[in-house]
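Fair warning: this is a prediction, and the values are worked out from it, not measured in the lab. Both counts, for ligands and for their atoms, begin at 1 and track the order of listing.
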Amino acid sequence: MQQVIVQKFGGTSVGSGERIAAVAEIIKNEAEINTVVVVVSAMAGETDRLIELSKLFGDNPNTREFDALISTGEKVSASLLAMALNSLGLKAKSYSAAQVSLKTTSNFSKAKILDIDKTKMEEILADGSIPIITGFQGITETGEVTTLGRGGSDTTAVAIAASLKANRCDIYTDVDGIYTTDPRIVPNAKKLDAISMEGMLELAGQGAKVIQIRAVEFANKFKVPVRVLSSFSSGTGTMITLENDTMENAEISGIAFQTDQTKVTFTAVEDTPGIASKILGPLSELDMKVDVIVQNVGIEGKTDFTFTIATEEKSLLDEAINNIQKSINYKEVIIDDEIAKVSIVGVGIRSHAGVAAKAFQALSENEINIGMISTSEIKLTLVIKKDDLEKAVKVLHDVFELDK
Ligand code: ADP
Ligand code: ASP
Ligand code: MG
């Protein structure tokens with residue numbers, strides 16, 4: 001029986017005319033067997049170029065216009081891919097998010113998908129046409145164009161797969177699967193044939209860029225089988241499995257990292273109840289995401305309070321600090337964007353106290369200083385200097401023998 005497969009192609013996969021032609025062949029092959037719905041990202045580098053352009057008239061462009069601008073890259077690649085398919089004799093049509101009523105919340109640049117008009121997509125398929133849908137973008141109830149955050153095309157694809165109850169969502173990218181860490185940093189990283197949803201949620205949540213965290217959350221919630229594979233070479237890629245047993249044996253499933261992070265420290269705040277909420281409250285009112293949080297031991301009633309945010313939200317910090325100032329006293333605010341976060345992810349952390357000790361020792365032997373530490377059931381996150389990141393990832397990958 002014919003299956004419904006959603007195929008998503010990332011930026012490098014559609015980065016040139018030649019690449020678009022190659023992708024058209026992949027779609028053609030799949031469409032000979034199955035019903036195919038395609039989601040595309042903008043051509044490689046295009047979203048970055050548009051973001052640079054948005055600063056032409058000031059560093060903080062209007063958020064509505066910003067999303068209207070940066071969503072345009074996906075229109076270009078979708079249309080070109082439809083043309084490439086047409087040239088192979090296939091019926092294909094490009095659609096924007098608005099044309100398939102992909103409805104989102106109205107928070108620009110980090111909108112969340114609310115609903116997709118499945119009937120529109122079914123009409124296109126019934127007409128024998130392959131829909132090529134723009135990833136990354138959405139439309140609000142009132143018709144405003146939104147975007148879903150960097151890497152958001154993955155989420156578009158999984159959401160469409162969920163709404164169509166597709167048999168699988170294939171995420172085509174420039175690596176041939178999910179590895180124990182970014183293979184560009186650690187060349188001997190090991191490719192995984194399968195990874196559990198739980199493991200992938202943690203890896204993606206800690207920054208493994210290969211798939212957007214929201215996409216994994218969608219897949220988990222709606223039980224969509226997802227596969228990550230290369231559009232440059234053949235191979236079966238990595239399945240993200242809905243069962244959790246693949247991880248049971250792997251103590252550590254991988255190392256993830258993020259560089260686009262900023263550390264904020266309020267020094268000499270009063271060590272009294274309520275201080276954390278007085279600092280973090282104004283940030284959450286601005287919808288800012290705070291990650292690692294550390295409050296030092298108080299000395300003579302004063303303490304330092306430190307947290308990390310995504311650097312792309314740094315522009316909101318002035319307003320947050322203004323509001324914080326109204327309710328607490330402190331000496332100064334120190335802002336440091338030369339940091340990175342590295343996380344060890346795996347169920348082993350839950351049961352083996354030794355994981356942290358082993359990581360700390362390996363880093364100290366390599367003279368890598370740890371600025372902040374945060375742990376959960378299945379991850380250990382360390383904040384370090386950005387310059388130390390590559391070395392830290394290699395050292396940790398090595399000490400936990402993830403290449404084996
Ligand atoms: P696309 O444009 O196809 O969406 P991305 O650049 O967003 O591609 O994601 C693919 C990249 O993710 C890879 O080139 C690789 O450098 C990086 N990456 C980070 N962590 C991992 C990992 N654990 N496994 C595989 N790739 C990873
Ligand atoms: N083009 C968007 C970005 O660069 C979305 C994506 O690639 O998934 O973030
Ligand atoms: Mg991506």
Side-chain angles (χ1 to χ4, degrees), residues 7-15 19 23 26 39-52 66-67 69-78 97 109-111 133-138 146-159 169-193 195 199-216 226-233 235 237-238 240 252-260 312 342-346 389-390 393 396-397 402-403:
Q7 297 184 311
K8 178 258 168 176
F9 296 93
T12 31
S13 297
V14 294
R19 289 298 317 153
V23 160
I26 295 175
V39 173
V40 280
S41 294
M43 293 169 80
E46 179 61 8
T47 310
D48 289 337
R49 188 185 75 88
L50 294 167
I51 290 173
E52 273 313 299
F66 181 76
D67 274 21
L69 174 68
I70 70 166
S71 64
T72 56
E74 272 70 10
K75 286 278 290 170
V76 174
S77 48
S109 296
K110 46 182 162 185
I133 298 161
T134 52
F136 183 51
Q137 54 173 256
T146 53
T147 60
L148 309 177
R150 297 308 303 268
S153 299
D154 298 329
T155 304
T156 309
V158 178
C169 180
D170 281 343
I171 307 279
Y172 283 89
T173 181
D174 54 6
V175 280
D176 60 355
I178 294 157
Y179 282 71
T180 46
T181 194
D182 190 338
R184 294 186 201 287
I185 304 265
V186 181
N188 66 344
K190 196 172 82 184
K191 191 194 140 224
L192 307 168
D193 292 330
I195 183 169
M200 197 63 238
L201 278 169
E202 286 295 346
L203 274 185
Q206 293 313 306
K209 169 178 177 221
V210 62
I211 180 166
Q212 201 199 35
I213 175 68
R214 293 277 306 144
V216 192
V226 174
R227 183 167 68 143
V228 174
L229 69 171
S230 170
S231 70
F232 291 76
S233 59
T238 302
I240 304 177
I252 306 294
S253 47
I255 314 274
F257 54 84
Q258 270 169 304
T259 48
D260 46 357
E312 64 177 4
V342 57
S343 301
I344 306 163
V345 172
L389 180 69
E390 277 203 33
V393 174
L396 293 172
H397 196 268
L402 297 182
D403 55 327

For atom 21 (C) of ligand 1, which candidate among Thr238, Asp182, Ile185, Ile195 holds the nearest heavy atom?
Asp182
Under 6.0 Å from the ring centre and within 45 degrees of the ring axis: does the NZ or CZ of Arg19 meet both conditions for the six-membered ring of Phe232?
yes
Decide, yes or no, whether a salt bridge links Lys209 with Asp154 under the criterion of side-chain N to carboxylate O below 4.0 Å.
no
Considering the heavy atoms of Glu74, write down every atom of ligand 2 situated less than 4.0 Å from one of them.
1 (N), 2 (C), 5 (C)
Does ligand 1 have an atom that lies less than 4.0 angstrom from a heavy atom of Pro183?
yes
One finds that the ligand 1 atoms under 4.0 Å from a non-hydrogen atom of Lys8 are 4 (O)
Location of contacts on Ser153 toward ligand 2, heavy atoms closer than 4.0 Å:
both
Is it the case that ligand 2 has an N or O less than 3.5 angstrom from some N or O of Gly151?
yes
Using 4.0 Å as the upper bound for N to carboxylate O, is an ion pair formed by Glu52 and Arg49?
no
Looking at ligand 1, does any of its N/O atoms fall within less than 3.5 Å of an N/O of Ser41?
no
If we only consider heavy atoms of Gly177, is any one of them less than 4.0 Å away from an atom in ligand 1?
yes
Is Asp182 close to Val393 at the side-chain level, that is, under 4.5 Å between some pair of heavy atoms?
no
Give the atoms of ligand 2, by number and element, whose distance to some non-hydrogen atom of Ser41 is under 4.0 Å.
6 (C), 7 (O), 8 (O)
Val175 neighbourhood, listing ligand 1 atoms whose heavy-atom distance to it stays under 4.0 Å:
13 (C), 14 (O), 25 (C), 26 (N)
Mark up the atoms of ligand 1 that fall under 4.0 Å of a heavy atom belonging to Thr181, in ascending order.
22 (C), 23 (N)
Only one of Thr238, Ile171, Asp170, Ile26 forms a side-chain contact (heavy atoms from CB on, under 4.5 Å) with Leu229, so which one is it?
Asp170
Between Thr134 and Glu74, does a side chain to side chain donor-acceptor pair (under 3.5 Å) hold up when you go through it step by step?
CA-CA 5 Å; Thr134 52; Glu74 272 70 10; over 6 Å; no
Atoms of ligand 2 less than 4.0 Å from Arg150 heavy atoms?
3 (C), 4 (O), 9 (O)
